[in-house]
**Q** 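The following block contains the structure, expressed as structure tokens.
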Protein chains: 2
Amino acid sequence: MKTLTPKQQALFTLLNEIGIISQLSSARFERMLPHGLTVAQFSVLNHLVRLEGDWSPARLAAAFQVTKGTMTSTLQRLVAKGLISLEPDPSDGRAKHVKLTEAGGVAREAALAAAGPSLGELNAALSPAEIDALIPSLQKLRIWLDKHR
Amino acid sequence: MKTLTPKQQALFTLLNEIGIISQLSSARFERMLPHGLTVAQFSVLNHLVRLEGDWSPARLAAAFQVTKGTMTSTLQRLVAKGLISLEPDPSDGRAKHVKLTEAGGVAREAALAAAGPSLGELNAALSPAEIDALIPSLQKLRIWLDKHR
DNA sequence: ACTATATAGTTCGGTATCAAACCAAAGGAG
DNA sequence: CTCCTTTGGTTTGATACCGAACTATATAGT
């Protein structure tokens, strides 16, 4: 039976764990969110609140590392819920501006309030020190993957 | 503007990085796989080769931490490709046995050969020591999430 | 034995995601 | 100015995934 080298095996295990954690944590998070918000939708709302500036669908897609098509879909759902609006960019006929609506701001606050406690529970699983230790390595990995796709 | 506590913020960042890595690495991996195999499908084949014993859909779902419905769907696609077969369990009228076919074994070998090198490239992003350091913490997190869902 | 509960598996409706193909507008090279 | 390439956005088709509802079988409690 063919197998992977130990190095490859370790990487495979790592990515496997990461995939499962991603799944479980998204599902967990989503169950907390009000208004039928999904993680992807909440992330966009949160992003718009936290980071000032003009955000186009393309910039958002790049920020979240998803394809333009995926972002189109997520934005359409947010528009349908009245949480954002898409406006034409006067200086570029192709582009659009993504704008948070009043309702979008409110929904984001509510989601934050609902999800924060659930996030806190995770401290039982991992100490703050462990969390801080994990982040830089994962960022390195994420950046490498982004650069080499 | 409402924000998260620093602790919550760190956890949020962590889960965010994990989500993006999961996405990017699955997409990368999948592009390498032959026969239109997906990561989910390959994982099942690989699992059946590496771990002896009888595997039912329910056991596989638990092992991969997905719902039974998700596993049903993945297994149906593998059956359609002729890579596994589902057989009734003589001792339990509800259960089934998942069996790898010849073609399944071959496909798994081919996938391994195709994907191994791509996995190796990741060593450029993270040293073996970093990888080994990451795994235990992530496992702790995964196990906690599994237990508390 | 009968009933209630738990477990195995499927199906359904919805969202996210990708890749690929497409259109329209912008920018650069001649 | 015209052609070519790049960029912004949408659409389509496929897969994975969840949660919830459902059927059928098994097991436990009384």
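Here is how names work: the chains are called A, B, and so on, in the same order as the sequence lines, proteins then strands, and each is numbered from 1. These numbers come from a predicted model, not from an experiment.
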**Q** Please check this pair: side chain of B:Thr101 against backbone of B:Leu83, looking for a donor-acceptor N/O pair closer than 3.5 Å.
**A** yes

**Q** Between A:Gln76 and A:Thr74, do the side chains contain an N or O donor and an N or O acceptor separated by less than 3.5 Å?
**A** no

**Q** Provide, to the nearest angstrom, the distance between the CZ atom belonging to B:Phe64 and the P atom belonging to D:dC18.
**A** 13 Å

**Q** What is the distance, to the nearest angstrom, from the CE atom on B:Met32 to the C1' atom on C:dA19?
**A** 14 Å

**Q** Checking A:Arg59 side chain against A:Asp54 main chain: does a donor-acceptor pair fall under 3.5 Å?
**A** yes

**Q** To the nearest Å, give me how far apart CZ (B:Phe29) and C1' (C:dA19) are.
**A** 18 Å

**Q** Measure the CZ-OG distance between B:Phe12 and A:Ser43 for me, rounded to the nearest 0.5 Å.
**A** 5.0 Å

**Q** Select from A:Ala27 and A:Arg59 the residue whose nearest nucleotide in DNA chain D is closer to the 5' end of that strand.
**A** A:Arg59

**Q** Can you tell me how far P of D:dC18 sits from CG of A:Leu24, to the nearest Å?
**A** 8 Å

**Q** Rounded to whole angstroms, how far apart are CG on A:Leu78 and P on D:dG9?
**A** 15 Å

**Q** Got A:Glu130 and B:Lys140 here, is their nearest side-chain heavy-atom distance under 4.5 Å?
**A** yes

**Q** Tell me which residues in residues 90-100 of chain A put a heavy atom below 4.0 Å from DNA chain D, sorted by number, or none.
**A** A:Arg94, A:Ala95, A:Lys96

**Q** Before we go on, tell me: are the rings of A:Trp55 and A:His47 under 6.0 Å apart, centre to centre?
**A** yes

**Q** Rounded to whole angstrom units, what separation is found between the CD1 atom of A:Ile20 and the P atom of D:dA16?
**A** 15 Å

**Q** Between N or O atoms, less than 3.5 Å apart, protein on one side and nucleotides 11-17 of chain C on the other: list the pairs.
**A**
{"residue": "C:dT11", "atom": "OP2", "partner": "B:Gln76", "partner atom": "NE2", "Å": "3.2"}
{"residue": "C:dT15", "atom": "OP2", "partner": "A:Arg77", "partner atom": "NH1", "Å": "3.1"}
{"residue": "C:dA16", "atom": "OP1", "partner": "A:Thr38", "partner atom": "OG1", "Å": "2.4"}
{"residue": "C:dA16", "atom": "OP1", "partner": "A:Gln41", "partner atom": "NE2", "Å": "3.1"}
{"residue": "C:dA16", "atom": "OP2", "partner": "A:Arg77", "partner atom": "NE", "Å": "2.7"}
{"residue": "C:dT17", "atom": "OP1", "partner": "B:Gln23", "partner atom": "NE2", "Å": "3.0"}

**Q** Figure out the CZ/P separation between A:Arg31 and D:dC17, and round it to whole Å.
**A** 16 Å

**Q** Checking B:Thr38 against B:Leu33 for the side-chain contact (heavy atoms from CB on, under 4.5 Å) test, could you report, in this order, the C-alpha distance in whole Å, the side-chain angles of both residues, the deciding distance, and whether it holds?
**A** CA-CA 7 Å; B:Thr38 64; B:Leu33 292 180; 5.9 Å; no

**Q** Nearest 0.5 Å, please: how far is CD1 in B:Ile18 from CG in B:Leu15?
**A** 5.5 Å

**Q** In residues 105-114 of chain A, which ones come under 4.0 Å of DNA chain C, going by heavy atoms?
**A** none

**Q** For A:Leu60 and D:dG8, what is the distance between atoms CG and P respectively, to the nearest whole Å?
**A** 12 Å

**Q** Identify whether any heavy atom of B:Ser26 sits under 4.0 Å from a base atom; if not, whether one sits that close to sugar-phosphate; answer base, sugar-phosphate or nothing.
**A** nothing

**Q** I would like to know whether B:Thr70 and B:Thr67 meet side-chain hydrogen bond (donor to acceptor under 3.5 Å, both in side chains); could you show each step before the answer?
**A** CA-CA 5 Å; B:Thr70 295; B:Thr67 62; 3.0 Å; yes

**Q** Kindly indicate whether the side chain of A:Pro57, heavy atoms from C-beta on, has any atom under 4.5 Å from the side chain of A:Lys68.
**A** no

**Q** How far does CD1 of A:Ile20 sit from CG of B:Asp146, to the nearest 0.5 angstrom?
**A** 8.5 Å

